[in-house]
Amino acid sequence: MAVAGRLFVVAACTRGAIEVATPLLQAIGQKTFVVSETPNVANLVKLSGNFLIASEIESFGEAMALNSRGGVDKR
């Protein structure tokens, strides 16, 4: 995905550092979200996003299992 430039980048650093890194971030990502000037904030935002994705996958699986047990055609 990075080679194709399709990542979503979550960054947290000073404005000057972002300006220096912008060409690299544009090369690897389709969008950069600057969330803070404190670096560990980017880690928290990324982990929170991962948690939301995992929760959605689990919820979908539970819904499919419920429907399957109830005899609903998967198609």
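Quick caveat, the model's predicted, so the values are computed rather than measured.
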| remark: Lys46 meets the side-chain hydrogen bond (donor to acceptor under 3.5 Å, both in side chains) criterion, sequence neighbours left out, with Asn50
| said: Applying side-chain hydrogen bond (donor to acceptor under 3.5 Å, both in side chains), can you list everything that pairs with Asn40, at least two apart in sequence or on another chain? | reply: none
Show every donor-acceptor pair shorter than 3.5 Å between a side-chain atom in residues 51-73 and any protein atom, with sequence neighbours excluded, or say none if there are none.
| from | atom 1 | to | atom 2 | distance (Å) |
| --- | --- | --- | --- | --- |
| Ser55 | OG | Phe51 | O | 3.0 |
| Ser59 | OG | Ser55 | O | 3.0 |
| Asn67 | ND2 | Ala63 | O | 3.2 |
| Asp73 | OD1 | Arg75 | N | 3.0 |

Side-chain donor-acceptor distances from residues 6-35 under 3.5 Å, at least two apart:
| from | atom 1 | to | atom 2 | distance (Å) |
| --- | --- | --- | --- | --- |
| Thr14 | OG1 | Ala17 | N | 3.2 |
| Thr22 | OG1 | Ile18 | O | 2.6 |
| Gln30 | NE2 | Arg6 | O | 2.8 |

